[in-house]
There are 2 protein chains.
Amino acid sequence: MGTTESQRGRTPRGRAASIGLSRAQIVAAAVAQIEAKGLAAFSLRELARSLGVSPAVIYWHVGGAKEDLFAAIAATITGGLAEAQDPSAIWTERLRQVFHAYRASVHCHPKVSPLLGAQMKSNGVASLDWIETVLVALAEGGFEGDALRDAFNALIGGLCGFVTMELAPGPASEDGAWEERVAQRMAEVDPKTHPLTHAALPQLANRIFVLRWQNGAQVSYDDGYAVLLDLLIDGLAARAANFPNTSPAEPKHG
Amino acid sequence: MGTTESQRGRTPRGRAASIGLSRAQIVAAAVAQIEAKGLAAFSLRELARSLGVSPAVIYWHVGGAKEDLFAAIAATITGGLAEAQDPSAIWTERLRQVFHAYRASVHCHPKVSPLLGAQMKSNGVASLDWIETVLVALAEGGFEGDALRDAFNALIGGLCGFVTMELAPGPASEDGAWEERVAQRMAEVDPKTHPLTHAALPQLANRIFVLRWQNGAQVSYDDGYAVLLDLLIDGLAARAANFPNTSPAEPKHG
DNA sequence: CGCATCAATAGAACGATGTTCAATTGTGAA
DNA sequence: TTCACAATTGAACATCGTTCTATTGATGCG
């Protein structure tokens, strides 16, 4: 299951011409390199080069391919995410905590985040604990069956999608030719035909629809995410309040 | 701005050893090829090959690079999206129409959709009309300033993010080794430690968190998207109802 | 103590990719 | 006719992911 039998024995530093390279070290180095130079510029060969190692070593340690390395990275990042909730809080509050934790966790590795979106779809969310957390909270609110499924999909799709999209990488060129094109694009907005877009440009342009980085620092979407979270959870709470026969707490034997 | 001066004259079929290749034809062929073989398997060389042409031709026609071709594709797809609304409808209804139209439009080219997510960030949404439509609707609801900005970000981030995420590609391997890994992953879900996840597996597994394709046909997230849309727009309407001094219709001279 | 095993590495090789560049072609204009 | 130049070609370069066949050297066993 992903461990590829490489470190099944407890031989911490191998037994041969080892440099002592481990799977975890490779994953860590890959994350560092992606975070440094961007996902588009990432290559197995340069990863091997930065580790002072032959490219084949990565295949031996990680498994089959680049894809397995990406899966390992995603699993590393979303691990230990379910602990972010306070079990004594009400379910709506727990949802808030969990999704804020998700965003915070992903924001720790912005350039790696596209991998999360893809890997969440292919391998399932790396941390099942996290999924279970969300489902438990919704169930406590009285959701079940199709309503549970739809609420879950709306939450995961909307909130994880928001994070994925806000961190989506711009063009690969890191040399500022991009900024020029953006400025050009902004200047093209015609106040006559798009008055509100033009008026909101200082408010919006640097936010969601053009720039992501400003002077090298990341632009904040915190408020938009907070509003999205409020709308979703408050709305779900309102729906839950209308469920026919449900006490606010546990529906089963407790 | 993206046209790269290639077809500035009105010489429809060139003037030389032309095959009569145009930028639009290249873009169309690229979309077709991506839709047929997937985005990960797309290459400029094979595009040129399928057009019976040298790879350099694409550079000459499209502009600098692969990235410019992607930008052109994104612009082609999200064009003419603002017409999907009924101008006489109330603003909440118009928002619903516009975002349903967005999803439908993107779903017409599922494999190209990852490009939309990225290009929406870099070049700005291809269709400014569409942005304007959303802003006008929100303004009619009474949103302005920071509230407008946050509502806009929540809507765009959540809804476009949902679509981006639901269409996110799985692993590149199209040969079913993926299905095996997924089945394996599903079998690993322990009813003891993750009871709700396990119980909801038949409802959820084929939905958001594992499979995207089932027997080659696309799985539907329609209900989840509808719930998300309802939660967001109903919530915004509720907020708008609490705005101090706003008549339900136009805030300005009309 | 010696030897065979085998984890762990190196290095070369293959095909494919994105991109660039120096030719070449043929048409429309002078 | 001649010239400029849009349009295309093909070769070339560096890089990439991946696979294959060695080689190395510690380790457990006899």
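These numbers come from the heavy atoms of this one structure, side chains and all, not from hydrogens, waters or symmetry mates. Numbered from 1 within each chain, the chains take letters A, B, ... in sequence-line order.
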B:Gln25 CD - D:dA7 C1' separation (whole Å): 14 Å
Where protein sits on nucleotides 11-19 of chain C, one letter per nucleotide: B base, S sugar-phosphate only, - none, heavy atoms under 4.0 Å: B-B---BBB
Value rounded to 0.5 Å, distance of CG in A:Leu229 from CG in A:Leu159: 5.5 Å
Contact under 4.0 Å: B:His61 side-chain N or O vs D:dA6 OP1/OP2: no
Approximate separation, where rounding is to 0.5 Å, of B:Glu166 CD and A:Ile156 CD1: 14.0 Å
Between P of C:dA7 and CZ of A:Arg23, the distance in whole Å: 17 Å
B:Tyr102 OH to B:Tyr225 OH distance, which is reported to the nearest 0.5 Å: 8.0 Å
Distance, rounded to the nearest Å, where B:Trp60 contributes CH2 and D:dA6 contributes P: 7 Å
For B:Glu46, side-chain hydrogen bond (donor to acceptor under 3.5 Å, both in side chains) partners two or more places apart: B:Lys37
Considering all heavy atoms, the nearest B:Ala29-B:Leu51 contact: CB-CD2, 3.9 Å
Atom-pair distance (CG on A:Leu47; P on D:dT15), nearest Å: 17 Å
B:Phe42 and B:Phe70 aromatic ring geometry - parallel, tilted or perpendicular at 30°/60° bounds: tilted
